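Letters go in sequence order (proteins before strands), and every chain restarts at 1. Please read all numbers here as calculations on a predicted model, not as lab measurements.
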Protein chains: 2
Amino acid sequence: MNMFDINPSQAAPIWRQIEEGMRRMISLGTLAPGDTVPSVRELAQQLRVNPNTVARAYQRLTDAGVFAVRRGEGTFVSEEPTQLKKSERHDTLREAATRYAGTAVSVGATLDDASRELGNSYERVVREHRRKA
Amino acid sequence: MNMFDINPSQAAPIWRQIEEGMRRMISLGTLAPGDTVPSVRELAQQLRVNPNTVARAYQRLTDAGVFAVRRGEGTFVSEEPTQLKKSERHDTLREAATRYAGTAVSVGATLDDASRELGNSYERVVREHRRKA
DNA sequence: CCTACTGTATTGGTAACCTAATACACTGGT
DNA sequence: ACCAGTGTATTAGGTTACCAATACAGTAGG
């Protein structure tokens, strides 16, 4: 399956981009429970990235209960893809919102500006993932 | 004057937190053109940070035309605090919005969720800065 | 068995950041 | 003239994160 893109020239480390990309695909249903996930080396080659970097993302997702591993066989989306607890989800969302609001204010954008831009980006992110499916 | 807070245990480097904090105070009018800014050593002591780190932030703001320096006297908010060009402002806003939308989707938040949280954060950021004034 | 594929562990290099200690040139007030 | 306060420059050290290269361990299938 064709996966998302990663951008090496970005602040966020690659392994986090991979981790969040996977979470997005699951949230959007592009990746369903029980589906097989590209092997570490395969995805690494596809993204032009070191296998270790992919492995780190998979490791974290496995620890979080999102992925399930059968050694020697491969990695799969967990049957019960552990969603983050409601409180955790809210915390991460709040942190991200704080960062976004902070930069918005720093460039002199109004709340309406920020909201409008958020709408555009949200739609774009969703569309981008649907396209890859 | 009492300035903002910085959080050393955060992804964003301290010098950037200072830089953005200053920009926010200007955008909100807490810091007006011609106002004097705490000296490098003074702010460093106030934030419990190395003077070099503050100097780096001031340097960038001066290069950007936001601050003006009179050698031996101190640093001031530029009389014509160079706002970023409209295109640049939009670009940074768009990038930030993309990051925010990305994590929002990854935690399964709807656009309404993200918008609501953005509203809260925006208000909070503004209030936080007003309080310090 | 042996090969080819999984995920995992270890190690090393590189870059960024922060801190620290000095030193310099300039200005204002005493 | 002196001194205290500015911003600035330089050098060094230590920590941390990221990425790459390599070797290891397990499983499936011919």
* Asked: If you pin A/A12 and A/G72 to their nearest nucleotides in DNA chain D, which one's is more 5'?
  -> A/A12
* Asked: Choosing from D/dC19, C/dG7, C/dT19, which nucleotide comes nearest the side chain of B/N50?
  -> C/dT19
* To do: Taking atom CD of A/E123 as the centre, report whether more than 12 heavy atoms of other residues, nucleotides or ligands fall under 6.0 Å from it.
  => no
* Atom-pair distance (CG on A/L43; P on C/dT6), nearest Å -> 11 Å
* Structure fact -> With the side chain defined as heavy atoms from C-beta on, B/E73 is closest, among C/dT19, D/dG7, C/dG28, to C/dG28
* Would you say the side chain of B/R41 and the base of D/dG7 hold a donor-acceptor pair, judged only by whether the two atoms sit under 3.5 Å apart? -> yes
* Structure fact -> The answer to which of A/Q59 and A/R70 contacts DNA chain C further toward the 5' end, by nearest nucleotide, is A/R70
* What's the CZ-P distance between A/R16 and D/dC18, to the nearest Å? -> 8 Å
* Asked: Which distance, rounded to the nearest 0.5 Å, do you find between the CZ of A/R70 and the OG1 of A/T36?
  -> 10.0 Å
* Donor-acceptor pair between A/S115 and A/D113 side chains, under 3.5 angstrom -> no
* Asked: CZ/B/R99 to CD/A/E20 distance, rounded to the nearest 0.5 angstrom?
  -> 11.0 Å
* **Phosphate OP1/OP2 of D/dG5: any B/S39 side-chain N/O under 4.0 Å** => no
* Starting at CZ of B/F67 and ending at P of D/dT6, how long is that distance when rounded to a whole Å? -> 15 Å
* Are A/Y58 and A/F67 close enough that their ring centres sit under 6.0 Å apart? -> yes
* Side chains of B/S121 and A/R94: do they bring a donor and an acceptor to under 3.5 Å? -> no
* **Per-nucleotide protein contact string for nucleotides 11-16 of chain C, where B marks a base within reach and S marks sugar-phosphate only (heavy atoms under 4.0 Å, - for neither)** => ------
* **Gap between atoms CD and P, on B/Q10 and C/dC17 respectively (whole Å)** => 14 Å
* Structure fact -> Taken to the nearest whole Å, CD1/A/I18 to P/D/dC18 is 12 Å
* Asked: For the side chain of A/Y58, counting heavy atoms from C-beta on, which of C/dC18, C/dG7, D/dG7 is nearest?
  -> C/dG7
* Asked: Counting any heavy atom closer than 4.0 Å, what does B/T62 reach on the DNA or RNA strands: base, sugar-phosphate only, or nothing?
  -> nothing
* Asked: CD of A/E95 to OH of B/Y100: how many Å apart, nearest 0.5 Å?
  -> 12.0 Å
* For A/I14 and D/dC19, what is the distance between atoms CD1 and P respectively, to the nearest whole Å? -> 4 Å
* D/dG7 phosphate, OP1 or OP2, under 4.0 Å from B/T75 side-chain N/O -> yes
* **Interatomic distance where CD belongs to A/Q45 and P belongs to C/dT6 [whole Å]** => 11 Å
* Structure fact -> Whole-Å distance, B/R60 CZ to D/dT8 P, equals 14 Å
